[in-house]
**Student:** 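What follows is a structure written as structure tokens; I'll ask about it next.
This is a predicted model, so every value here is computed, not measured.
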Amino acid sequence: MESLQVLLKQLSSMVWSDYLDIILVTYLIYRILRMIRTTTTMRIAKAIVVIIVMSLITEVMNLYTLNFLINQVMAIGLVTLVVLFQPELRRMLDHLGSTSLRSLVSRKKQVEEMDNVISQTVKACDVMSRQKVGALIVFARNQRLDEYFKTGTIVNGVVSEQLIRNIFFPNASLHDGAMIIRDGQITACGCVLPLSESNRLSADLGTRHRAGVGMSEACDAVVVIVSEETGTISVAVGGMLKRHLAPQTLERLLRMELCKEDDSTEDGSFRNRIKHKLLGKEGKRNEK
């Protein structure tokens with residue numbers, strides 16, 4: 001009861017700057033947790049936590065020599081973190097500076113542009129699936145993905161079914177890499193994507209699928225994969241892979257992810273979770 005009274009007293013003495021401080025710290029922690037959500041960075045984060053706990057334990061138990069060594073490791077830990085988390089830090093800074101002038105354009109115009117992009121992409125994927133032509137298409141969202149353009153060829157072409165199929169034609173020079181679609185254009189092709197290190201992926205998945213999942217783990221992009229061996233259409237979002245999608249399901253999923261309305265409210269988030277579950281069930285039925 002006494003601790004509750006102390007807490008209430010502290011809350012009553014708080015000013016607006018204290019609330020702002022709490023909100024900013026909470027947001028910072030949230031961004032850091034999102035940054036380390038991949039398998040590799042999560043292992044590194046666990047190792048850091050273990051070192052901190054060991055430092056506290058050795059200090060309490062008066063293990064002076066071991067505590068001194070651990071503290072020396074922690075003293076140079078900041079430089080080590082910058083080196084180890086260089087890709088993640090770069091992606092986080094890229095995300096913070098990713099606000100473009102197109103975000104100021106009316107939402108309706110953006111949805112109309114993306115509607116045609118999705119329609120042309122689905123048509124191309126449908127044909128490539130039947131012909132068993134492999135494809136890897138990345139839809140950039142908030143993060144600009146500039147770092148991946150350096151690994152491919154800049155195109156800046158209008159999205160069309162014919163252009164997509166020509167780029168991924170088996171004898172084409174850019175068919176092995178990934179296509180990145182940003183701001184309603186085919187921005188780059190032949191790009192190299194990071195491979196996923198997740199052990200949850202099926203052993204029968206090849207490099208193209210692992211690259212698609214790896215890209216969705218590294219950023220907020222939506223990745224469409226067409227299997228060269230089976231013609232199966234898959235989509236990777238947030239490190240999750242939805243396989244064996246029919247063209248109609250692919251179109252609905254892309255529209256939900258790329259043309260969705262403001263889902264900042266709780267109801268919007270709930271509707272999106274329900275849609276994800278329904279699409280997941282439909283994908284499983286197609287797989288059977």
**Student:** Tell me, which pairs form a side-chain hydrogen bond (donor to acceptor under 3.5 Å, both in side chains) where one or both residues lie in residues 160-169, sequence neighbours left out?
**Tutor:** Glu161-Arg165
**Student:** Kindly indicate, with the supporting measurements, whether the criterion side chain to side chain donor-acceptor pair (under 3.5 Å) is fulfilled by Thr230 and Thr232.
**Tutor:** CA-CA 5 Å; Thr230 63; Thr232 299; 2.9 Å; yes
**Student:** Decide whether Ile51 and Val53 are clustered together by the hydrophobic rule: side chain heavy atoms of Ile, Leu, Val, Met, Phe, Trp, Tyr closer than 4.5 Å, transitively.
**Tutor:** yes
**Student:** Side chain to side chain contact (heavy atoms under 4.5 Å, CB included) between Arg182 and Asp146: does it pass, once the steps are laid out?
**Tutor:** CA-CA 10 Å; Arg182 187 179 76 179; Asp146 291 331; 2.7 Å; yes
**Student:** For Pro247 and Asp126, work out which heavy atoms get closest and say how close.
**Tutor:** CG-OD1, 3.5 Å
**Student:** Checking Ser216 side chain against Gly239 main chain: does a donor-acceptor pair fall under 3.5 Å?
**Tutor:** yes
**Student:** Looking only at non-hydrogen atoms, find the nearest pair between Ile186 and Val158 and report the distance.
**Tutor:** CD1-O, 4.2 Å
**Student:** As an exercise, state the distance from CG of Leu69 to OH of Tyr64, rounded to the nearest 0.5 Å.
**Tutor:** 15.0 Å
**Student:** Testing the basics here: between Ser227 and His209, what is the closest heavy-atom pair and its distance to 0.1 Å?
**Tutor:** CB-CE1, 3.8 Å
**Student:** Does the Asp220 side chain pair with the main chain of Asn142, one donor and one acceptor, at a distance under 3.5 Å?
**Tutor:** yes
**Student:** State yes or no: do Leu195 and Val222 share one hydrophobic cluster built from I, L, V, M, F, W and Y residues joined by side-chain heavy-atom distances below 4.5 Å, directly or via other members?
**Tutor:** no
**Student:** How close do Ser196 and Glu217 get, heavy atom to heavy atom, and via which atoms?
**Tutor:** OG-OE2, 3.0 Å
**Student:** What is the distance from atom CD1 of Ile23 to atom CG of Asp18, rounded to the nearest 0.5 Å?
**Tutor:** 11.0 Å
**Student:** With a 4.5 Å cut-off on side-chain heavy-atom distances among I, L, V, M, F, W and Y, is there a chain of contacts connecting Phe68 to Ile57?
**Tutor:** no
**Student:** Can you get from Met215 to Leu205 by hopping between Ile, Leu, Val, Met, Phe, Trp and Tyr side chains that sit under 4.5 Å apart?
**Tutor:** yes
**Student:** Distance from His175 atom NE2 to Met128 atom CE, nearest 0.5 Å?
**Tutor:** 12.0 Å
**Student:** For a 4.5 angstrom cut-off between non-hydrogen side-chain atoms, does Met61 reach Leu66?
**Tutor:** no
**Student:** Can you tell if the side chain of Val127 reaches within under 4.5 Å of the side chain of Lys123, non-hydrogen atoms only?
**Tutor:** no
**Student:** Just wondering, do Ile22 and Met14 contact through their side chains at under 4.5 Å, heavy atoms?
**Tutor:** yes
**Student:** Give a yes or no on this: more than 12 heavy atoms of other residues, nucleotides or ligands lie within 6.0 Å of atom OH of Tyr19.
**Tutor:** yes
**Student:** Do Leu250 and Leu254 come close enough that some side-chain heavy atom pair is under 4.5 Å?
**Tutor:** yes
**Student:** First locate atom CG of Leu241, then atom OG of Ser234, and finally report the distance between them rounded to the nearest 0.5 Å.
**Tutor:** 5.0 Å
**Student:** About how many Å separate SG of Cys189 and CG of Asp176, when rounded to the nearest 0.5 Å?
**Tutor:** 12.5 Å
**Student:** For Cys125 and Ile137, work out which heavy atoms get closest and say how close.
**Tutor:** SG-CD1, 4.1 Å
**Student:** Determine, stepwise, if the pair Leu258 / Val117 fulfils side chain to side chain contact (heavy atoms under 4.5 Å, CB included).
**Tutor:** CA-CA 10 Å; Leu258 303 174; Val117 170; over 6 Å; no
**Student:** Quick check against the 3.5 Å criterion: does Ser119 have a side-chain atom that pairs as donor or acceptor with the backbone of Asp115?
**Tutor:** no
**Student:** Hey, does Val226 have a side-chain heavy atom less than 4.5 Å from the side chain of Phe168?
**Tutor:** no
**Student:** Kindly compute the distance separating CG (Leu193) from CZ (Arg208), expressed to the nearest 0.5 Å.
**Tutor:** 11.0 Å
**Student:** Under 4.5 Å between any side-chain heavy atoms of Ser198 and Val213, yes or no?
**Tutor:** no
**Student:** Is there a side-chain contact between Val159 and Thr121 (heavy atoms, below 4.5 Å)?
**Tutor:** yes
**Student:** Within the distance-only criterion (no hydrogens, no angle test), does the side chain of Asn71 pair as donor or acceptor with the backbone N or O of Asn67 below 3.5 angstrom?
**Tutor:** yes
**Student:** Provide the closest heavy-atom pair for Gly212 versus Leu136 in the form atom of the first, atom of the second, distance.
**Tutor:** CA-CD1, 4.0 Å
**Student:** Just by modelled atom types, is the Cys191 backbone N or O under 3.5 Å from a matching donor or acceptor in the Thr151 side chain?
**Tutor:** no
**Student:** Given side chains that start at C-beta, do those of Ile180 and Arg144 come closer than 4.5 Å, heavy atoms only?
**Tutor:** no
**Student:** Indicate if Ile154 and Val138 have the same hydrophobic cluster label, given that clusters are the connected sets of ILVMFWY residues with side-chain heavy-atom separations under 4.5 angstrom.
**Tutor:** yes
